Structures are given as C-alpha cells and as structure tokens.
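Computed from a predicted structure; not experimentally measured. Hydrogens, waters and symmetry mates are skipped; everything else that's a heavy atom, side chains included, is used. Letters A, B, ... mirror the listed sequences (proteins, then strands); counts begin at 1.
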Protein chains: 4
Amino acid sequence: MTTKPKPLPAKKRTSIGSRRNPEAEAAVLAAARELINERGYAGFSVDEVARRAGAGKTTIYRWYPTKADLFIAIYTAERTTFVAIPDTGSLVEDLVGYTTSLWRFWRSNSAGAALRGLIAEAQGTKEALAALRERFLPERTADVRQMLSTAASRDEIGVEEINGKLSLWVGYSWFRLLTDELHDESPLVSIMAQIAGTPSDRAS
Amino acid sequence: MTTKPKPLPAKKRTSIGSRRNPEAEAAVLAAARELINERGYAGFSVDEVARRAGAGKTTIYRWYPTKADLFIAIYTAERTTFVAIPDTGSLVEDLVGYTTSLWRFWRSNSAGAALRGLIAEAQGTKEALAALRERFLPERTADVRQMLSTAASRDEIGVEEINGKLSLWVGYSWFRLLTDELHDESPLVSIMAQIAGTPSDRAS
Amino acid sequence: MTTKPKPLPAKKRTSIGSRRNPEAEAAVLAAARELINERGYAGFSVDEVARRAGAGKTTIYRWYPTKADLFIAIYTAERTTFVAIPDTGSLVEDLVGYTTSLWRFWRSNSAGAALRGLIAEAQGTKEALAALRERFLPERTADVRQMLSTAASRDEIGVEEINGKLSLWVGYSWFRLLTDELHDESPLVSIMAQIAGTPSDRAS
Amino acid sequence: MTTKPKPLPAKKRTSIGSRRNPEAEAAVLAAARELINERGYAGFSVDEVARRAGAGKTTIYRWYPTKADLFIAIYTAERTTFVAIPDTGSLVEDLVGYTTSLWRFWRSNSAGAALRGLIAEAQGTKEALAALRERFLPERTADVRQMLSTAASRDEIGVEEINGKLSLWVGYSWFRLLTDELHDESPLVSIMAQIAGTPSDRAS
DNA sequence: CTGTAAGCGAGACGGTACGTCGCGTCTTGAC
DNA sequence: GTCAAGACGCGACGTACCGTCTCGCTTACAG
C-alpha cells in the first residue's frame with residue numbers, strides 16, 4: 001500500500017563499461033531525493049530507492065556505503081540551487097540574508113529532509129556521526145565562518161568570538177529544522193542580532 | 001550474536017490483576033535505560049528491551065505505544081538525579097550553573113542518549129515530532145524559561161527577548177548533544193554570556 | 001479492523017454466589033456459536049469469545065479448559081434443533097433420511113463449523129484427539145450404529161459389517177464436511193446404497 | 001525452552017544470484033518435515049522452521065506463501081518414497097494393496113502429519129481449502145481413480161460408480177488418518193471389499 | 001582483435017525488528 | 001467460590017529493511 005510500484009521507465013539502463021554510469025548515478029540521487037522528501041527519515045530505505053531508480057542495490061552501496069553518505073550526496077547535489085554569501089557590511093544583515101536563503105533552500109528542496117536524516121542517522125552510528133562532524137559540518141558552515149571572519153576583520157566582533165557565534169548560529173538553525181519550524185522567519189532578525197551582539201559581560 | 005541471553009532472574013513476574021504491575025514497569029524502564037546507554041539509538045529495539053526486562057512486548061506497547069513515549073519515560077524517570085534551578089542574581093551565572101548540571105545529567109545517565117533518540121525519532125514520524133514539541137519541550141525548558149523571566153523581572157533582559165534567548169539556549173545545547181560534544185564545557189561561560197547579552201542593535 | 005468491538009449489552013452480569021451463573025454460560029456459548037460461524041476455525045479465539053460474551057476469560061477456561069471442550073459444547077447445545085432417527089424398514093432409506101437431516105443440521109447451524117474446528121484441533125493436540133475419539137465420536141454416532149444394528153437384526157446386513165459400515169459412513173460425511181461440500185446432496189442416495197450394500201466378495 | 005538451538009552447520013548458505021537456491025529449499029523442506037513430524041500441527045510454526053533451517057522467514061514465505069503450500073510441498077517431496085499402482089486384475093486386491101502402502105507412507109514419513117496439517121489448515125482459511133480441493137485432491141487421488149477406471153473398463157464396476165467409490169475411499173482413509181488410527185490395518189480387506197462391492201439396490 | 005575487468009539490473013539470501021494477536025495464568029474487587 | 005476485567009510472559013504472525021552474494025549482461029580498454 002505504501003509502496004507505489006512506480007511504472008518503471010521503459011528505457012533500460014545498463015553498464016557503460018568499467019566506470020560509473022552517470023545516468024545511473026543521477027537516477028539514484030533523484031529517487032533518493034524524491035523519497036526522503038515524500039516519506040521522511042522513517043520510510044527512507046535503500047530498497048525503495050533502488051526500486052524507484054530501477055537500480056540494483058549493489059550499485060547504490062558501491063557509491064554510498066551508508067545512509068549518511070547518501071544524505072550528504074543529496075544535500076550536495078541540491079547545492080546548485082543555493083546561492084551567494086551576502087556582504088552588506090553589517091554582520092546582522094549578512095546573517096539574516098544568508099539564513100533566510102538557507103532556510104528557503106532547506107524548505108524548498110529535499111535538502112532539509114536530507115539534513116534531518118543525516119542528523120538522525122548520526123544519533124545511532126558512529127560512522128554517521130563522524131561524517132556529520134568531519135565531512136559535513138566544516139564544509140557547510142564555511143560560509144558563515146567567512147562572514148564572521150569578515151566582521152571580525154572590520155572589528156565588528158572579536159576574533160575569539162567566532163567559534164562561539166558559529167555554534168550558536170548552527171544550533172539555532174538546527175533547532176528550527178529539527179522541530180520542523182522553518183516556516184516562521186519572523187524571529188530571524190532579532191535572533192541574528194542577538195548572535196551578532198555583545199556578550200553580557202562586555203555590555204555595560 | 002547481538003542477543004546477550006542474560007540469565008533471567010529466577011523470580012517470575014506476573015499479572016497483579018487488571019492494573020499496571022509497577023515491578024514490570026520498573027523492569028522495562030531499567031532495561032530500556034540500560035539498552036539506550038549501551039547501544040544508542042540504532043540498536044535500540046523494543047524486542048531487546050522486552051528480552052532484557054523479561055517482559056512481553058505487549059506490556060511495553062501497552063504503556064509506550066511509540067519509541068518516543070519510551071524515550072520520554074526514560075528521560076523523566078532519570079529526572080530524580082537532576083536538580084535545582086540556580087538563582088544567583090546573575091543570568092549568566094544562572095545559565096552556566098544550570099547548563100553545567102544539565103550536561104552532566106545528560107552525560108552521566110541514559111537521559112542524554114534518550115533525548116538523542118527522541119530527537120532522531122522525531123525526524124521520521126509526526127507522532128514523535130508532536131511528542132517532542134508538545135510534551136517534551138515545554139515541560140523540559142520551563143526551568144530556563146523561569147530563569148529568563150526572573151532576569152527580565154529585574155530588568156537584566158527585556159521580556160520580549162525571552163523566547164529568542166530560550167531558543168538560542170536550547171539550540172546550542174542540542175547542537176552539542178547531537179554532535180556528541182558535551183564533554184568540553186570550556187566555552188560554556190562565554191556562550192552563556194553571549195545568550196544573556198545584548199543584541200547588536202541595542203548595543204551602542 | 002477485524003475486531004468489531006460489539007457494543008456491549010448494557011445489562012451488567014455478575015456472580016450469583018458460589019455456583020455457576022447460567023446467564024454467563026449461555027452468553028459464552030452464544031458468543032462462541034456466533035464467532036465460529038462468522039469467522040471459522042482460524043479467527044476463533046477465546047479472547048474474542050470473552051469480549052463478545054462480556055465474560056471474563058477465567059470464566060470460560062473454568063468450564064471449557066480447551067477449545068475442543070468448547071466446540072463440543074457448541075455442538076451439543078445446538079442439538080435441540082436436530083431430530084429423530086428414521087425407521088423405514090430399509091437401511092438405505094434410513095441412512096439417506098438421517099444423513100440428509102444431519103447435513104442440514106451441520107449447514108444451518110454453527111454445529112458444522114464447530115465440528116470442523118474440533119477435528120482441526122484434534123490434529124494438533126492429543127487432548128483434543130482424545131476428546132474427539134472418546135467423548136464425541138461414540139456419542140454422536142450412536143444413532144447410526146443403532147440404525148445399522150436394527151438392519152442387522154432383520155438380516156439386511158451382517159452383524160460383523162456394522163463397524164465397517166459405520167466407519168465408511170462417518171468417513172464419507174466428514175470428507176464432505178471438511179471439504180465444504182455439504183451443499184450437494186445429489187450423490188447421497190447412491191452413496192448410502194453403496195454403504196448399505198454388499199461387499200464384492202459376497203456378491204455374485 | 002521450545003527453541004532447541006541446534007548447532008548451526010558451520011557452512012554459511014547464501015544467495016546464488018537472483019534465482020532460487022536449491023540448498024536453501026532443501027534445508028527448509030527438511031526442517032519443515034522434521035518439525036511437523038516432531039510436534040504436529042500445533043507446534044508447527046514458520047518461525048521454528050526458519051530457525052532449524054538456518055533460513056530467513058522471507059525465504060520461506062517467498063516460496064510458500066501459506067502453511068498449506070508448505071504442507072503440500074512436504075507431502076510432495078516425500079513422494080519419492082511412495083510407489084506403484086497395483087494391477088492385479090481384482091479391484092479389491094488393488095485397493096487393499098494401494099491403501100496398505102499409502103498408509104505405510106503416511107505413517108513412516110512426515111507425509112501423514114503434513115496431510116493432517118493441510119486438512120486442519122483448510123478448516124480455517126479459504127486459501128487452504130482451495131489448495132486442498134483444487135491442487136491436492138485431484139492430483140493425489142489420480143491413482144485410485146485410475147484403478148477404478150481400469151476396473152470399470154473390465155466391467156467390474158459401473159463407470160457411474162467411480163466418483164462415489166472414490167469419495168468413499170478418500171473419506172475412509174482420511175477418517176482413519178484424522179483419528180490417528182492408521183496402525184490397525186485389519187479391517188482394510190473387508191472395507192475395501194465393501195467399497196468395491198455392489199450397492200444394495202443392485203444386489204439381488 | 002581479443003580478453004579481462006569493472007559497472008550494471010535483478011533479486012535471492014540470512015537476519016533482526018516491527019507491531020499485533022492469541023494463549024493460558026494471574027489477581028483484584030464486587031457479589 | 002463465581003464473576004467481569006484486564007494485565008502478564010510468551011511466542012507466532014507476516015512484512016519491511018538491512019547489507020551481502022551471485023548471476024548474466026554490457027562496455028571500455030590493455031595487450
């Protein structure tokens with residue numbers, strides 16, 4: 001009942017020799033994207049991806065040994081839709097702009113669902129946790145880190161504050177993602193101001 | 001292989017009439033606690049809980065229809081170990097104190113693992129998401145909300161800042177929990193200062 | 001879905017002291033009858049009987065320790081509807097008449113279903129097999145045995161043929177019951193003639 | 001307690017591509033045979049078959065969607081041990097010979113137990129009943145039908161008597177099987193004579 | 001030009017877990 | 001002691017995924 005059999009595309013894909021078939025790769029990613037979007041983390045299975053992609057499970061496991069790998073690949077593949085790092089001269093404005101478009105990215109694609117899946121997966125297996133911390137996070141927070149560095153270089157914040165502010169920003173964004181509350185952007189301005197702002201012991 | 005047979009306690013538990021048997025309840029919770037601690041979210045199964053508790057699966061499902069319910073029960077059962085809301089007169093100090101002991105609570109019990117499980121589960125099923133948002137979060141963030149209210153009442157922060165600061169605090173704590181980075185408490189003081197502090201547009 | 005909750009009869013039955021409550025007994029049998037009729041051998045459960053009868057399971061197990069007992073009780077309770085032993089002076093006619101009304105009895109009540117259940121149960125447990133052979137069969141074939149004895153006393157058949165002919169008759173009737181072919185009575189006359197008839201080594 | 005752990009054969013069976021593995025098939029049938037023999041209809045579970053065969057339940061359900069299918073497969077697999085259709089020129093002698101060896105077949109193998117299981121199963125589910133009537137019976141009574149046809153062709157019996165005599169024969173054999181009375185073969189001769197014999201209205 | 005190595009769809013395999021149902025036993029509290 | 005009620009331990013049900021495997025095929029490239 002849950003398994004829509006999906007009228008397989010008549011086109012028969014096959015090997016193109018001793019190297020990756022990009023058509024197969026694309027079909028797998030497309031199916032994975034569609035599936036995570038449609039059914040979420042539960043209900044996402046390699047079997048079903050294979051079924052929808054008309055691919056062998058071996059093919060999938062060859063490239064993506066774990067679900068974490070697959071989720072990262074989905075996220076990265078969507079990356080094309082996502083855009084530029086603002087540079088308005090104001091950290092708050094930069095953060096608001098960036099976060100707004102990031103959340104839109106998370107909402108409008110399967111990217112958000114993929115990240116939710118990646119985080120969920122990381123709660124269970126150490127490989128996924130490692131992938132999240134070592135492969136996903138550094139790369140995917142580089143933009144914000146860049147914005148914070150720029151702000152530091154114009155003395156808007158202290159250099160020693162960068163890591164903390166970054167964590168706060170990631171934590172907040174994840175919290176909204178994980179509780180499925182990305183739709184309400186109204187608090188964004190004040191929250192980003194808070195993140196960009198002064199620690200209480202420096203205020204006075 | 002995965003099923004450590006566990007020499008069953010010779011004592012045979014049974015029904016005590018048409019109402020809950022608290023012994024069974026305790027055995028189930030203890031087994032669940034032990035299991036989530038030992039094996040994490042993956043590797044946590046109702047089957048194995050039942051096996052270790054010497055309980056029927058029906059008994060478990062009767063009280064905890066979903067894993068989310070079970071995780072919340074574990075968290076709540078541990079709650080005895082966790083303590084008081086500091087009231088030092090300084091929001092930062094309060095937050096640091098509270099967060100320190102919360103993280104210790106998360107680390108030293110199965111509570112942290114249970115919360116990680118709950119969050120992971122919420123990424124897949126809407127029931128778990130609802131449980132997290134509507135049953136877990138309001139109750140479990142009441143303490144910090146209280147601390148923020150107190151701070152507002154002595155004009156340390158604005159009342160309108162409470163919700164935002166609360167989200168920042170939750171987000172940050174979850175982020176550290178979910179990436180398994182609770183051990184490093186060194187940034188706590190500066191982060192809590194940041195949360196307690198002034199938004200950038202109010203600083204001047 | 002399969003378990004129609006059945007709006008319990010508002011009337012609340014209870015104990016009438018240290019002896020059987022005939023109302024409860026009747027309710028249990030009625031529910032059992034209804035259930036075996038409706039759902040057959042699979043789908044017949046003590047739990048469901050208790051539910052429909054508004055009875056405690058203990059009550060049922062007190063009187064009917066096994067399903068076999070329950071099936072026999074159903075069969076016996078229906079017995080009121082069933083009638084007389086024909087005595088036409090011709091064995092064939094007697095057998096046809098009797099078998100016709102027996103089959104009608106089996107078809108129109110839950111008796112047929114109960115017997116099918118009893119036989120099925122006897123394939124699995126030795127208690128049920130014993131009940132079938134020692135309690136059910138002798139009693140329930142007494143009528144036909146009587147008819148055969150009468151025929152022997154008027155020299156229509158030999159006394160030594162009684163047991164064999166009885167087995168043939170039971171076997172044939174069971175076969176039709178067990179393959180759910182009771183509706184077709186057309187071969188009855190010729191079959192009963194065959195049973196009543198002469199062994200091939202005596203014919204000539 | 002019920003689960004005799006059975007020191008698994010060190011040899012690890014696995015897939016041999018996308019088609020049936022005959023080793024697995026053999027292991028499943030052997031385990032099923034052993035189990036029905038040992039424990040009878042009650043106590044026969046797909047779980048236990050899988051356990052003993054060292055097979056996944058999926059593997060079993062793939063080939064034998066219902067227990068009826070499995071019972072038929074057991075019966076058929078044993079068929080190798082069972083033999084020839086007698087042709088002595090006398091229907092009675094043929095029937096006695098055939099029935100004797102059939103009963104021996106039923107007694108000495110798991111075939112008898114399997115048939116008892118099949119019949120029991122047919123009392124509960126319509127699929128099993130259909131399998132019994134449409135797949136099992138026609139095929140498995142072909143031998144006797146053949147013998148009756150031969151007898152008819154030499155005018156020993158009438159052609160119109162074939163079906164009735166066949167039913168009588170099946171009914172009687174089943175009756176003895178279902179009441180676990182196959183050990184006593186003494187009435188066989190006179191019963192088969194009765195079946196082969198003349199209906200009472202043709203006897204003069 | 002031919003062999004070989006890898007990719008590919010397919011799907012069977014041994015497992016584990018799911019959530020539900022039925023078993024027969026038990027305890028309670030009312031009668 | 002009988003009754004309704006229903007919790008209890010147990011174990012089977014049939015399904016879904018897991019990650020591994022083997023097959024039969026295709027194609028590219030190395031010798």
What is the distance, rounded to the nearest whole Å, between atom OH of B:Y61 and atom P of F:dC13?
-> 18 Å

Atom pair distance, as rounded to whole Å: CD in B:E48 and P in E:dG19 | 15 Å

Taking the side chain as every heavy atom from C-beta outward, state whether A:F136 and A:L115 have any atom pair closer than 4.5 Å.
-> yes

Could you check whether A:N21 gets within reach of a base, just the sugar-phosphate, or nothing at all, counting any heavy atom under 4.0 Å?
-> sugar-phosphate

Rounded off to whole Å, could you give me the CZ-to-P distance for the B:F44 and E:dT16 pair?
-> 18 Å

Between F:dC8, F:dG14, E:dG19, which nucleotide gets closest to the side-chain atoms of B:K57?
-> E:dG19

Nearest-Å distance, OH (C:Y41) to C1' (E:dC23)?
-> 12 Å

Taking the side chain of B:T58 as its heavy atoms from C-beta onward, which of F:dC10, E:dC18, E:dT27 lies nearest to it?
-> F:dC10

B:D47 has an atom CG; how far is it from atom P of F:dC18, in whole Å?
-> 18 Å

Can you check whether B:F71 and B:Y64 have ring centres sitting under 6.0 Å from each other?
-> no

Looking at side-chain heavy atoms only, is the closest gap between D:Y61 and D:V46 below 4.5 Å?
-> yes

When you match C:S45 and B:S45 each to their closest nucleotide on DNA chain E, which lands nearer the 5' end?
-> B:S45

Side-chain heavy-atom pair C:E25, C:W63 within 4.5 angstrom cut-off | yes

Picking from E:dC13, F:dC17, F:dC3, the nucleotide nearest the side-chain atoms of A:R51 would be F:dC17

Please examine the side chains of B:Q123 and A:Q123, heavy atoms only from C-beta on, and report whether any two atoms are closer than 4.5 Å.
-> no

With respect to the side chain of B:T59, which nucleotide from E:dG11, F:dC23, F:dG9 is positioned closest?
-> F:dG9

Check the distance between F:dG14's P and D:E121's CD and give it to me in whole angstrom.
-> 8 Å

Selection: residues 123-131 of chain D, any non-hydrogen atom under 4.0 Å of DNA chain F = none

Per A:R62 side chain, nearest of listed nucleotides E:dC23, F:dC18, E:dG7 = E:dG7

Salt bridge (charged side-chain N to carboxylate O under 4.0 Å, His left out) assessment of C:E38 paired with C:R52 = CA-CA 13 Å; C:E38 217 173 86; C:R52 293 189 182 201; 2.9 Å; yes

E:dG19 P sits how many Å from B:K67 NZ, rounded?
-> 7 Å

Name the residue closer to the 5' end of DNA chain F, choosing between B:R20 and D:I16 according to the nucleotide with the nearest heavy atom.
-> B:R20

List in chain and number order the residues that pass side-chain contact (heavy atoms from CB on, under 4.5 Å) with A:N37, two or more places apart in sequence or in another chain; answer none if no residue qualifies.
-> A:S110

F:dA4 P sits how many Å from C:E25 CD, rounded?
-> 12 Å

Within less than 4.0 Å of OP1 or OP2 of F:dC8, is there a side-chain N or O belonging to B:W63?
-> yes

Contacts of B:G43 and D:T14 projected onto DNA chain E by closest heavy atom; the upstream (5') one is D:T14

For the residue pair B:E121 and B:L129, establish whether any side-chain heavy-atom pair is separated by less than 4.5 Å.
-> no

